[in-house]
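All figures in this text were calculated on a predicted structure; none of them were measured in a lab.
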Amino acid sequence: MEHFDFRPMINKLKSDPKNIVFTEGTDPRILEASARLLAGTWLTPVLIGGEEEIRSAAEEAGFNIRGATIVDPAHYPRMEEMAQRMSELRKGKKTVEECREILKEANYFGTMLVAMGEADCLLGGATYSTADTIRPALQLIKTRPENKIVSSCFVLARPSATGNQEILVMGDCAVNIKPTEDDLVEITAEIAQCARVFGVEPKVALLSYSTKGSGFGEEVDKMVNAYHKILATDPDFEVDGELQFDAAVSPRVAKTKHVDSKVAGYANTFIFPDINAGNIGYKIAQRLGSFYAYGPILLGLNAPVNDLSRGCNAQEVYSMAIITAAMS
């Protein structure tokens, strides 16, 4: 069962098909999701691993992966070119010989396929740790020219009382432990754009334990200063801060705490002051608010790379594959 309506994303991909690297090509969850994706013609799985092993695993599990691209690092014809390019991207920190050895690892090999333009995006982490998925992306795909950091968000979805979907976007809940004011400016812009990928017109609240001067302290100052720096960038989305969570989401509370705001009481996109608050916040929404959480969705890279939980199931792989491709 899907908690989010993926049809707009799928329609986008139908008009501009993509391919996506799966670094764990023999994993049954990856194979099941790949078989489901291949039922359409809009997102082609690129499975990393030995061809015989992958096809054998798919046959044993009963999944039809006909049409998938299978790439074996041990028999990749452009390996020398890839090793040379990787050494250049590492700016001499690794020799070509060292890169050739590192590229035997599917996480680095798959990331280089994206870096070389052989694939549009990557989804890993079914068996790799988050660090082993993100590190190659930082080293090889790198951040976009206008970005200094990689950030992340979670998209939370649940059915609303009207039968539509209620969608909230929260960040950064997974990457930046203690973001600076300038980091928060970048994080806010990235998360607002991600919200639009999910069909949400962002109303962004910079969260705090204070609403417009009701509290004091360094952490309040950080959110206030970040808010004014965001305004100075002339953002193309509604934003307000600093706001307590109740003032951000409750129209009744907003009328008593901050009446002159286009965001207060109606926020749908939330920027947390640090990873501590962010991680706790999205999990409260997930566990007590019956929201389904998609993410972490990584933001700021030159190409989309996302990380799976090692406890994920095939449905989550399928969903995150669509999300990752829709961001490319």
Side-chain angles (χ1 to χ4, degrees), residues 18-34 37 43-51 53-54 57 65 68-91 93-143 150-152 174-175 295-312 314 316-318 320-321 323-325 327-328:
K18 305 290 183 182
N19 59 11
I20 183 167
V21 172
F22 291 109
T23 52
E24 296 113 330
T26 60
D27 189 287
R29 297 163 295 177
I30 301 297
L31 293 169
E32 182 177 346
S34 295
L37 290 169
L43 184 55
T44 302
V46 179
L47 304 172
I48 307 301
E51 182 166 0
E53 290 86 350
I54 289 174
I65 59 166
T69 301
I70 298 175
V71 187
D72 184 352
H75 299 99
Y76 183 59
R78 297 177 63 192
M79 180 57 79
E80 287 305 309
E81 179 187 348
M82 181 180 278
Q84 179 70 43
R85 178 66 181 137
M86 180 176 170
S87 181
E88 292 169 1
L89 289 169
R90 294 305 317 278
K91 300 186 184 300
K93 293 176 182 176
K94 297 291 182 183
T95 66
V96 174
E97 181 62 37
E98 288 171 326
C99 289
R100 196 181 298 117
E101 191 65 25
I102 293 169
L103 287 166
K104 293 178 181 178
E105 296 294 331
N107 56 337
Y108 275 93
F109 180 82
T111 303
M112 276 304 300
L113 287 179
V114 178
M116 293 173 67
E118 294 296 303
D120 297 301
C121 51
L122 179 147
L123 183 60
T127 58
Y128 283 106
S129 69
T130 296
D132 285 338
T133 299
I134 295 177
R135 189 185 306 110
L138 288 172
Q139 292 174 349
L140 305 173
I141 293 175
K142 305 187 178 183
T143 56
V150 172
S151 56
S152 75
V175 176
I297 298 166
L298 299 182
L299 307 169
L301 291 164
N302 273 310
V305 172
N306 277 319
D307 177 48
L308 294 162
S309 162
R310 279 175 281 184
C312 67
E316 290 166 333
V317 176
Y318 176 81
M320 284 301 295
I323 290 167
T324 305
M327 295 173 68
S328 60

Test side chain to side chain contact (heavy atoms under 4.5 Å, CB included) on V150 and T143; report intermediate values, then the result.
CA-CA 7 Å; V150 172; T143 56; 3.7 Å; yes
So V317 and F22, do their side chains get closer than 4.5 Å, heavy atoms only?
yes
Can you confirm whether E118 sits close enough to V46 that some side-chain heavy atom of one is under 4.5 Å from a side-chain heavy atom of the other?
no
Would you sort out whether M112 and L89 count as a side chain to side chain contact (heavy atoms under 4.5 Å, CB included), showing the intermediate values?
CA-CA 10 Å; M112 276 304 300; L89 289 169; 3.9 Å; yes
Nearest heavy-atom neighbours spanning A303 and D120
CB-O, 4.0 Å
For a 4.5 angstrom cut-off between non-hydrogen side-chain atoms, does R100 reach E80?
yes
Within the structure provided, determine whether L47 and I65 are in side-chain contact (heavy-atom separation under 4.5 Å).
yes
Can you see which heavy atom on A314 is nearest to which on A33, and at what distance?
O-CB, 3.7 Å
Is N306 reaching over with its side chain to a backbone N or O of A321, donor-acceptor style, under 3.5 angstrom?
no
Closest heavy-atom pair, T23 versus A106, reported as atoms and distance to 0.1 Å, is O-CB, 3.3 Å
Begin from the C-alpha positions of V175 and S151 and carry the test side chain to side chain contact (heavy atoms under 4.5 Å, CB included) through to its verdict.
CA-CA 6 Å; V175 176; S151 56; 5.6 Å; no
Heavy-atom side-chain contact between I134 and V305 under 4.5 Å:
no
Please find the pair of heavy atoms, one from G311 and one from R29, that lie closest to each other, and give the distance.
C-NH1, 4.2 Å
Is any side-chain heavy atom of R78 closer than 4.5 Å to a side-chain heavy atom of M116?
yes
Partner of I54 by side-chain contact (heavy atoms from CB on, under 4.5 Å), out of L31, D27, V71:
L31
Please give me the minimum heavy-atom distance between T111 and L122, naming the atom from each residue.
N-CD1, 3.5 Å
Correct closest heavy-atom pair for N107 and D132 would be ND2-O, 2.9 Å
Check whether any side-chain N or O of N19 sits under 3.5 Å from a backbone N or O of T44 as a donor-acceptor pair, and report yes or no.
no
Between Y318 and E32, is the side chain to side chain contact (heavy atoms under 4.5 Å, CB included) condition met? List the steps.
CA-CA 8 Å; Y318 176 81; E32 182 177 346; over 6 Å; no
Hits for side-chain hydrogen bond (donor to acceptor under 3.5 Å, both in side chains) against K104, two or more places apart or cross-chain, chain-then-number order -> E101
Side-chain heavy atoms of K93 within contact of Q139, under 4.5 Å:
no
Straight-line distance of M320 CE to L123 CG, nearest 0.5 Å
6.0 Å
Taking the side chain as C-beta and beyond, is there a heavy-atom pair between V96 and Q84 under 4.5 Å?
yes
So, does E24 use its side chain to make a donor-acceptor pair with the main chain of G124 at under 3.5 Å?
no
